[in-house]
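Lettering of chains follows the sequences in order, A, B, ..., and the numbering in each one begins at 1. For the numbers below, each heavy atom of this structure counts, side chains included, while hydrogens, waters and symmetry mates do not. As the structure is a computational prediction, the values presented were derived from the model and not from experiment.
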Amino acid sequence: MSVLSPFIASRDKSVMKKTRTKKSRQTPTISGKRALIPVRALDFVMYNTKDIRKTRAFYQKLFGFKRGEEWTDWWSEFHTAPLTFCLNGTAHERHPEWDWSGAACVALAVDDVPAAIAKCRKRAFPPRPLAPNGKIMQRTLVKDALNATAPLDAILLQGWVRTRRDAKAFSFIELNDGSCLKGLQIIVDAALPDYAQVARVNTGASIEVSGKLVESKGGGQKWEVVAEKFTVLGEADATYPLQKKGHTMEFLREIAHLRPRSNLFGAVFRVRSRLAYAIHQFFQEKGFYYVHTPIVTASDAEGAGDMFRVTTLDLANPPKTEQGDIDHAKDFFGKKTFLTVSGQLEAEIFACALSNVYTFGPTFRAENSHTSRHASEFWMIEPEVAFCDLNGDMELAEEFVKYLIRDIRAHCAGDLEFFAKFVDKELLPRLDFVLDKPFVRCSYTEAVEILIKSGKTWEHPVAWGDNLQSEHERYLTEEHFKCPVTVYNYPRAIKAFYMRQTDGCAEGRETVAAMDLLVPGIGEIIGGSQREERLDKLRAGMALHHLEEKNYWWYLDLRRYGTVPHAGFGLGFERMLMFVTGVANIRDVIPFARTPGTAEF
RNA sequence: UGCCCGGUAGCUCAGUGGCAGAGCAGGUGACUGUUAAUCACUUGGUCGUAGGUUCAAUCCCUACCCGGGCAGCCA
């Protein structure tokens, strides 16, 4: 077969009309010696281009064919080779088997029409199954199929095989498409013409099945699908790492590209998605505005851990000043820059304009932490509220945490049951307990007294003025109160410069309006404070922490012009997710975790 | 970063100073409306890497790498 000449659909109104019919979108059609060959969205460029020479130039550039080469040459290559190319900066892979459905059309004049059509048919995915009424079937998600209220004569499912069990006259296939935890059982009768394909199906293969949704004859599930058409889309051989047997979390972490297909991680990431949604919903319902704070920042001393440097300087040969130091003025931003550890200072700016705001985005800590609850890259939610004091802040934090738990309880019930069964038996009672009870509020000073009176021997001794250690926080929330605890009013010296000094403190017992929300099992999940709104006190705080005012001129301006009391907090998104799912390691609630020494995927 | 534990088949793990083991997965066959199906047979290994001790090291010692736990730092 050879293609004689290109024919752009838009140049011929009659052809253009045909391209818009549904039928022509599915299969090539013939009109005299002209074949209508459906192509995918990319080719819409051709379809819409008025000037054929521009189109040629576009494809010349795209495929690198030279002027004078026959159109035929590159066109045929276009249709035979899987191509990778770049359009509008996006890399696409041209799969050799295209799904023609929904495609635009380009008309070609060919000398051997049947051969051209045969070629196209071969390249396209098998045609979408037709329902009894002749319409193309739409895919049904497993989640929706399982919720069916009546049998269905025609259903189309696509997904991945979890397990196959062969019987004498048919096979059972458990299909999962990630839409929910549960899979759907597929029955493939050995008499079916497609049955030969079942032998190619192992755990992990991707398949497409159409057939009838019927009530299951066996126990264990309400619905099952009796296949009428069965297609293997992608095989998975014996090297597929996910087996039917349970895997350790550590092993699954090493195959982060496949672990979302496991029950546990599918559930974790569905809940993660819902939790993110619930966070926005909570704040939006309360009239908070969402602020995007910068990820690259020049503020390097917020007292929240070590920061990652951001630079375009040649590290092997950096520009130097006359004194021999690295000349940061020559760097991309003209100064030293870092990845942010918090959006709080910027959020304060917006709170002092829009009143109620929140941020929700990634933050970065270059701490060399090797624990189950620290990551180098994590997401944080930071509400900031104008005209709000510490009490209002604590109330908001409590309401927020309870709202999120209630939302996940209501919308992720199936996934939570799975966690309760396999991850943390106490999960559901604990979540309900948290919902029922008001959080305990306890001042730092009271907490220190409780710890001293406990009679426990501490690895780290308790003394007023020292930070509460992990063991102390755990004792308070897990043993003493057995409930989430908000500890507030911490010693001034151990907290950040921007926290509001408490009025009327005794000499040597100065505190600031800080609060930490501690929850059983995880420890600190929220840290927040009322911000110092008085210019003179803020400057004193900066002096105490040895910070240079010139680096915070804009922050100080907020106190110079129309200052207001305001407060906010930071909630670690992943820590909340750990609390809600019972998953013990932060690396297992992040799709692709970044921790010291690990940035795979 | 400190302390502790671990690294043996694709996965989960036993094991011993003297020929390397099981279950699951894979393969073959049987059986079966099955539910991580079952039964029989079977393929599969530089015992993390590099040194050292020893007649002999997967095992004992040292260093390093990787993973996990706890602590610090924090959310």
Side-chain angles (χ1 to χ4, degrees), chain A residues 162-174 182-189 199 202-204 214-221 224 226 236-255 258 262-263 302-307 341-344 362-382 397 422 458-460 466-474 494-496 516-519 522-528 569-579 584-590 595-598 600:
Chain A
R162 281 297 169 75
T163 179
R164 187 187 98 205
R165 296 176 289 271
D166 292 332
K168 191 163 197 170
F170 48 87
S171 289
F172 298 101
I173 289 171
E174 193 187 325
K182 290 204 173 86
L184 188 57
Q185 179 159 282
I186 313 288
I187 313 288
V188 190
D189 196 284
N202 292 321
T203 301
V214 300
E215 284 190 44
S216 179
K217 287 182 200 165
Q221 62 280 315
E224 63 190 19
V226 178
D237 69 13
T239 61
Y240 182 67
L242 282 174
Q243 296 167 12
K244 298 170 203 174
K245 246 190 148 44
H247 292 290
T248 58
M249 308 276 255
E250 290 78 19
F251 171 68
L252 290 167
R253 233 171 262 158
E254 290 167 14
I255 50 165
L258 296 172
S262 67
N263 283 335
E302 288 161 19
D306 293 338
M307 301 173 83
V341 293
S342 161
Q344 180 204 313
T363 52
F364 306 86
R365 303 281 163 90
E367 291 288 346
N368 195 7
S369 297
H370 290 274
T371 83
S372 54
R373 55 186 204 287
H374 288 87
S376 310
E377 180 181 319
F378 64 97
W379 284 56
M380 187 154 64
I381 300 99
E382 295 177 292
F422 293 106
W458 304 106
E459 193 184 329
H460 303 269
D466 292 345
N467 236 324
L468 296 182
Q469 303 296 314
S470 227
E471 57 175 340
H472 307 144
E473 294 182 345
R474 270 214 313 275
I494 58 170
K495 286 292 181 179
D516 284 351
L517 175 59
L518 312 174
V519 295
I522 293 170
E524 185 178 342
I525 198 166
I526 280 179
F569 61 81
L571 169 83
F573 180 59
E574 283 82 5
R575 286 195 183 168
M576 187 67 205
L577 192 51
M578 290 165 74
F579 187 68
N585 195 310
I586 199 165
R587 284 166 266 228
D588 297 324
V589 295
I590 301 177
T595 51
T598 308
E600 194 69 52

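Residue contacts for A/Arg164: at a heavy-atom cut-off of 4.0 Å it reaches no nucleic acid atom on any strand shown. A/His460 comes within contact range of the sugar-phosphate backbone alone, with a heavy-atom separation under 4.0 Å but no base atom that close. Contact annotation for A/Leu242: no contact, since no heavy-atom pair falls under 4.0 Å across all strands. Among the heavy atoms of the strands lying under 4.0 Å from A/Glu250 are primed sugar atoms or P, OP1, OP2 only; no base atom is included. Across all strands shown, A/Thr598 has heavy atoms under 4.0 Å from sugar-phosphate atoms exclusively, and none from any base. Here A/Thr203 lies out of heavy-atom contact (under 4.0 Å) with every strand. Among the heavy atoms of the strands lying under 4.0 Å from A/Glu224 is at least one base atom, whether or not backbone atoms are also near. Using a 4.0 Å heavy-atom criterion, one finds that A/Phe170 contacts the bases of the nucleic acid, with or without backbone contacts as well. Using a 4.0 Å heavy-atom cutoff across all strands shown, A/Thr371 reaches at least one base atom of the nucleic acid. Here A/Arg373 lies in heavy-atom contact (under 4.0 Å) with a base. Base contact: A/Gln221 has a heavy atom under 4.0 Å from a base atom. Among the atoms of the strands shown, only primed sugar atoms or phosphate atoms (P, OP1, OP2) are found under 4.0 Å from some heavy atom of A/Ser470. A/Glu471 comes within contact range of no nucleotide atom at all, as no heavy-atom separation falls under 4.0 Å. Using a 4.0 Å heavy-atom criterion, one finds that A/Phe251 contacts the sugar-phosphate atoms exclusively.
B/G2 atom P lies 17 Å from atom CD of A/Glu459, rounded to whole Å. Atom-to-atom, CD of A/Gln243 to C1' of B/G23 comes out at 11 Å; the value is rounded to the nearest Å. B/A36 atom P lies 13 Å from atom NZ of A/Lys182, rounded to whole Å.
B/G2 and B/A20 are spaced 38 Å apart, taking the P atom of each and rounding to whole Å. Comparing the C1' positions of B/C31 and B/C39 gives an interatomic distance of 8 Å, to the nearest angstrom. Straight-line distance between the P atoms of B/C11 and B/U35: roughly 27 Å, to the nearest whole Å. Taking the P atoms as reference points, B/C3 lies 11 Å from B/A63, given to the whole Å. Atom P of B/U62 sits at a distance of 26 Å from the matching atom of B/C19, rounded to the whole Å. For the P atom pair drawn from B/C4 and B/A50, the interatomic distance equals 26 Å after rounding to whole Å. Here the separation of B/U32 from B/U38, taken at their C1' atoms, is 8 Å to the nearest Å. Separation of the C1' atoms belonging to B/A71 and B/U58 is 33 Å when rounded to the nearest angstrom.
Residues forming a salt bridge (Lys or Arg N to Asp or Glu O under 4.0 Å) with A/Arg253 (at least two apart in sequence, or on another chain): A/Asp588.
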What verdict does the side chain to side chain contact (heavy atoms under 4.5 Å, CB included) test give for A/Arg164 and A/Thr203, after you've listed the backbone C-alpha separation in whole Å, the side-chain angles of each residue and the deciding distance to 0.1 Å? CA-CA 7 Å; A/Arg164 187 187 98 205; A/Thr203 301; over 6 Å; no
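Side-chain contact between A/Ile187 and A/Phe172 is present, with heavy atoms from C-beta onward closer than 4.5 Å.
The residue among A/Glu254 and A/Glu574 whose nearest nucleotide of RNA chain B lies closer to the 5′ end is A/Glu254.
Contact between A/Gln221 and A/Gln185 at its shortest, heavy atoms only, is NE2-NE2, 3.6 Å. Between A/Arg373 and A/Ser470, the shortest heavy-atom distance links the atoms NH2-OG, 3.6 Å.
By the 5.5 angstrom centroid cut-off and the 30-degree plane limit, A/Phe172 is classified as not stacked against the base of B/G33.
Evaluation of atom-type donor-acceptor distances gives a pair under 3.5 Å for the side chain of A/Arg365 against the base of B/A75.
In terms of phosphate contacts, A/Arg587 brings no side-chain nitrogen or oxygen within less than 4.0 Å of OP1 or OP2 of B/G67.
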